[in-house]
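This report concerns only the one structure given below.
All values reported here derive from a predicted model rather than from experimental measurement. In what follows, every chain begins at residue 1, and chains take the letters A, B, ... in the order their sequences are listed.
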There are 2 protein chains.
Amino acid sequence: MNNVLNEIVNFSSLKLYFSILEAKDKLIKHLRQTITLTNEEAVIVSNSFKENRLQKKEVLLFAGEISSHMQFIAEGCLRAYYMDEEAKEHIVQFGIEEWWVNDLYSYLTKTPSKQFVQALEKSTILQIQRDTLNNLYDAVPAIERFFRIKFENAYVAFQYRTIDAMAKSAEVRYLEFRTKYREIEQRVPQYMIASYLGITPEFLSTLRKNLR
Amino acid sequence: MNNVLNEIVNFSSLKLYFSILEAKDKLIKHLRQTITLTNEEAVIVSNSFKENRLQKKEVLLFAGEISSHMQFIAEGCLRAYYMDEEAKEHIVQFGIEEWWVNDLYSYLTKTPSKQFVQALEKSTILQIQRDTLNNLYDAVPAIERFFRIKFENAYVAFQYRTIDAMAKSAEVRYLEFRTKYREIEQRVPQYMIASYLGITPEFLSTLRKNLR
DNA sequence: GAATAATCTTAATCTGGATTAATAAATGAG
DNA sequence: CTCATTTATTAATCCAGATTAAGATTATTC
């Protein structure tokens with residue numbers, strides 16, 4: 001009896017162990033799409049990240065807290081949003097597998113976050129602490145390159161998203177969102193897409209009716 | 001007679017030489033606010049940049065061209081803007097002394113720019129070519145760190161500007177622009193500020209009347 | 001310093017999207 | 001399977017900011 005139980009425990013912890021490997025493998029693969037890492041470097045990098053499992057609706061970062069980790073989504077779906085004076089939510093970013101989510105402003109300036117980061121599905125993320133990452137920049141310079149490139153791309157993507165948002169009608173933006181993020185569209189409720197697009201759910205609903 | 005002429009030529013080229021030094025000094029000082037550079041590194045960096053003088057209204061980058069330089073404003077005032085389908089201008093960014101201006105999307109993706117970059121005053125800029133910069137990242141790693149940090153900051157600043165733009169009324173945004181960029185406000189025409197804020201010049205004029 | 005161009009103001013009218021409020025449909029927990 | 005909660009739709013009314021059009025100031029240029 002005890003033996004069976006033991007086996008189950010071992011088996012489940014083994015499963016956990018493998019799934020962590022899987023998540024970290026995903027991270028290393030992701031990094032290697034942009035930079036070159038020797039196997040030794042990959043190990044150093046791997047060991048610098050901690051895995052974290054999130055339940056659906058679990059909040060990873062609350063407004064008011066200081067964000068002190070960069071986080072890579074290995075599995076699942078998250079959102080970053082802030083609440084305005086009237087307690088209305090505005091979604092700033094969605095993230096799925098192989099994206100990075102965070103309130104970067106809080107992370108970089110070490111000031112209290114204005115955003116929440118929340119899991120929309122059961123998710124697995126890999127986190128690295130600010131100090132650990134700063135040390136990693138010295139130990140593995142390619143990581144500094146990775147984030148330099150990451151931020152360059154994030155910046156221009158965001159700039160073009162904003163230009164779009166100002167120049168294009170809500171209808172056009174919705175259609176573009178659908179083609180660009182088809183997968184996200186199918187995984188999150190419609191009112192969140194409205195929030196991301198900067199329109200009310202009622203108006204999105206009207207748009208959709210007119211498109212039919 | 002010839003002697004006098006010679007003297008004038010020499011004097012003016014000497015003046016030019018000093019002003020280049022001045023611009024490059026400004027650059028090095030600017031970099032050293034963020035990173036550490038040895039004097040040898042400072043020389044390497046300095047030599048990687050070329051100075052460029054711009055007349056008022058001179059266009060540095062046309063939409064359609066591929067941006068192939070990063071550029072630092074040593075003196076003067078520039079703007080980056082794009083034109084929509086109805087040939088209306090939308091200002092994306094202003095830049096004054098010690099700012100960097102560019103169509104980063106074009107620079108980073110090597111695709112034709114959708115933006116124009118234009119001098120609003122007689123200006124002096126320092127330019128570094130993409131390939132030179134990429135080599136510099138290897139020769140002087142602190143430069144890679146500089147741009148990593150620069151892009152991080154640019155990204156979060158832009159993100160917060162966008163959140164503001166969506167959440168706040170045009171009046172509030174104008175008031176914030178005035179306090180944040182008082183100097184720019186005094187150097188560029190009002191209709192350009194309207195364009196930057198994403199409103200019509202007529203509406204900005206109305207806002208201003210109501211504020212009095 | 002007069003003429004022309006560039007910029008700014010005012011006022012009337014119009015519109016994309018918000019707000020409010022009610023109902024309907026889908027999801028999920030027990 | 002059922003009741004409660006979460007999402008989504010519809011329709012009426014409202015408003016911030018756009019558009020249009022004219023005139024008034026302010027800069028530039030010759």
Task: is_close_aromatic(B/Y105, A/Y160), centroid dist under 6.0 Å - done: yes

TODO: Could you tell me the separation between the NZ atom of A/K209 and the C1' atom of D/dA8, rounded to a whole number of Å?
DONE: 12 Å

Task: Relative orientation of the end axes in the helix from C/dT9-D/dA22 to C/dG30-D/dC1, expressed as an angle to the nearest 10° (five pairs per end) - done: 50°

Open item on the list: Please report the distance, rounded to the nearest Å, between CG in A/N210 and P in D/dA8.
Closed with: 18 Å

Open item on the list: Quick check for you: name the first and last nucleotides of DNA chain C, 5' to 3', having an atom under 4.0 Å from a heavy atom of chain B.
Closed with: C/dT7 to C/dA11

Open item on the list: Run the ring-ring contact (aromatic ring centres under 6.0 Å, His included) test on A/Y155 and A/F151 for me, step by step, so that the C-alpha distance in whole Å, both residues' side-chain angles and the decisive distance to 0.1 Å come before the verdict.
Closed with: CA-CA 6 Å; A/Y155 179 78; A/F151 276 104; over 10 Å; no

Task: Summary of protein contacts for nucleotides 16-30 of chain D, nucleotide by nucleotide, where a base hit scores B, a sugar-phosphate-only hit scores S (4.0 Å, heavy atoms) - done: -BSBBB------S--

TODO: Just jot down the side-chain contact (heavy atoms from CB on, under 4.5 Å) partners of A/S68, sequence neighbours excluded, or say none.
DONE: A/R130

- [ ] Not counting sequence neighbours, which residues clear ring-ring contact (aromatic ring centres under 6.0 Å, His included) with A/Y107? List them please.
- [x] none

Task: Residue pairs, two or more places apart or on separate chains, that pass side chain to side chain donor-acceptor pair (under 3.5 Å) and touch residues 75-84 of chain B - done: B/K26-B/E75, B/R79-B/E89, B/R79-B/Q118, B/D84-B/H90

Task: Cation-pi geometry met for A/R161 and A/Y196 (6.0 Å, 45°) - done: yes

- [ ] Show your reasoning for whether salt bridge (charged side-chain N to carboxylate O under 4.0 Å, His left out) applies to A/E97 and A/R187.
- [x] CA-CA 12 Å; A/E97 292 76 27; A/R187 285 165 73 170; 3.1 Å; yes

Task: side-chain hydrogen bond (donor to acceptor under 3.5 Å, both in side chains) evaluation trace for A/H30 with A/W99 - done: CA-CA 9 Å; A/H30 171 73; A/W99 293 38; over 6 Å; no

Task: Side-chain heavy-atom pair B/I66, B/T109 within 4.5 angstrom cut-off - done: no

Open item on the list: With side chain to side chain contact (heavy atoms under 4.5 Å, CB included) as the test, pick out the partner of B/N102 among B/H69, B/M70, B/Q93.
Closed with: B/M70

